[in-house]
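Each remark here refers to the structure printed beneath this line.
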2 protein chains.
Amino acid sequence: MMNNQLDRAFNALSDPTRRAIVERLAGGPATVSELAAPLPMSLPAVMLHLKVLEESGLVASEKKGRVRTCRIEPVALSLAEQWLNDRRRLWESRVDRLGAFLESEGEKE
Amino acid sequence: MMNNQLDRAFNALSDPTRRAIVERLAGGPATVSELAAPLPMSLPAVMLHLKVLEESGLVASEKKGRVRTCRIEPVALSLAEQWLNDRRRLWESRVDRLGAFLESEGEKE
DNA sequence: GAAATACTTAAGTGATCGCTTGACAGTTTG
DNA sequence: CAAACTGTCAAGCGATCACTTAAGTATTTC
């Protein structure tokens, strides 16, 4: 498992703690401690969540001195978004064609 | 875990087998056996994946006689899509504001 | 009504997850 | 340099996951 980037991205997003982190980072960069402060768990646990987010490509971070600053990586968000959009559109176009067909069948009567 | 619908939806999508099922269903409804046929695992295993997909709301199914037919549920897809879109937009608007600010600062020189 | 079909349930198993605590390392401050 | 701060690594542990095989149920076909 965890072969490709979509696996990792969707898996990362399936956890409420990690979504909370992404949500926080959507408002702007933050340090590890800032991210951990409101979360009901130890700092090492937060680090593990950050590791998952980084490996998914959704979050990037940089260490300066003793402080690591994290930020969102919008390209990865958009990749997952696109996958969902593509499948939904395919389904909807199918439903549209079916609707049009049924309507044209109705006109025959 | 698995409190809300987003947890379930993203978790469901984090597995390549389940994404393959969604992908197949985006092209139109299918029976359990049809879905299982191309997959390299036992039928009970496929049933478990379908259960996860159903509990996430991404897939719905109906049994008629001895055949269960599955179809995609676009509303759940769109819910996950929307979450991603909202966070990405928030981030991007922040980057835009920052860009505009830096530009206006540049004009002062 | 016997046999084939299409799914469903149950039990079991090894691997991975989501934390924990404790120890430790590098950086800045007094 | 000592102390405080910010983050990292490691070991361990119970819970959950992703299957498996075997057996069972309901429906349709011959």
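Just the heavy atoms: all of them, side chains too, but no hydrogens, waters or symmetry mates, feed the values below. Here is the naming used below: chain letters follow the sequence lines, and residue numbers restart at 1 for every chain.
Atoms CG (A:D7) and P (D:dA18) sit 11 Å apart, rounded to a whole Å. The nearest whole Å value for the distance from the CG atom in B:N11 to the C1' atom in C:dT16 is 13 Å. Protein atom CD of B:E34 is 15 Å distant from nucleotide atom P of C:dT5, rounded to whole Å. Here the P atom of nucleotide C:dC17 and the CZ atom of A:R8 are 11 Å apart, to the nearest Å. At whole-Å resolution of the value, CG in A:L43 and C1' in C:dG22 are 14 Å apart.
Using a 4.0 Å heavy-atom criterion, one finds that A:T31 contacts the sugar-phosphate atoms exclusively.
B:R87 places no side-chain N or O within 3.5 Å of a backbone atom of A:E23 that could act as its donor or acceptor partner. Side-chain atoms of B:Q5 come within 3.5 Å of backbone atoms of B:S56 as a donor-acceptor pair (strictly under, hydrogens ignored). Checked by atom type and distance alone, the side chain of A:R18 pairs as donor or acceptor with a backbone atom of A:A12 at under 3.5 Å.
When distances run from any side-chain atom of B:M41 to the nucleotides C:dG22, C:dC19, D:dC19, the shortest one goes to D:dC19. In this structure, of C:dT20, D:dA18, D:dT21, it is C:dT20 that holds the atom nearest to the side chain of A:S42. Of the candidates D:dT8, C:dT20, D:dT21, D:dT8 carries the atom nearest the A:R68 side chain, counting heavy atoms from C-beta on.
Judged by the 6.0 Å and 45° rule, B:R88 forms no cation-pi pair with B:W91.
Contact annotation: the side chain of A:E54 never approaches that of A:K51 to less than 4.5 Å [non-hydrogen atoms, C-beta and beyond]. A heavy-atom distance below 4.5 Å is found between the side chains of A:I21 and A:L39.
With 3.5 Å as the limit, one finds a donor-acceptor pair spanning the side chains of B:S61 and B:R68.
Close to C:dT8, at under 4.0 Å from its OP1 or OP2, lies a side-chain N or O of B:K63.
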*Would you check, one step at a time, whether the test side chain to side chain contact (heavy atoms under 4.5 Å, CB included) holds for A:R19 with B:N4?*
CA-CA 12 Å; A:R19 282 203 309 282; B:N4 67 64; 3.3 Å; yes
*For side chain to side chain contact (heavy atoms under 4.5 Å, CB included), just list the numbers for A:L84 and B:W83, CA-CA rounded to whole Å, side-chain angles, deciding distance to a tenth of an Å, and then say yes or no.*
CA-CA 11 Å; A:L84 289 164; B:W83 190 92; over 6 Å; no
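Listed by residue number, the members of residues 45-58 of chain B with any heavy atom below 4.0 angstrom from DNA chain C are B:M47.
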Taking only N/O atoms, report every protein-nucleotides 27-30 of chain D pair under 3.5 Å with atom names and distance.
{"residue": "D:dT27", "atom": "O2", "partner": "B:R66", "partner atom": "NH1", "Å": "3.0"}

So which protein N/O to nucleotides 14-16 of chain D N/O distances come out below 3.5 Å?
none

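Interatomic distance, A:N85 CG to A:E92 CD, rounded to the nearest 0.5 Å: 8.5 Å.
Using a 4.0 Å cut-off between a side-chain N of Lys or Arg and a carboxylate O of Asp or Glu, A:R71 and A:E73 qualify as a salt bridge.
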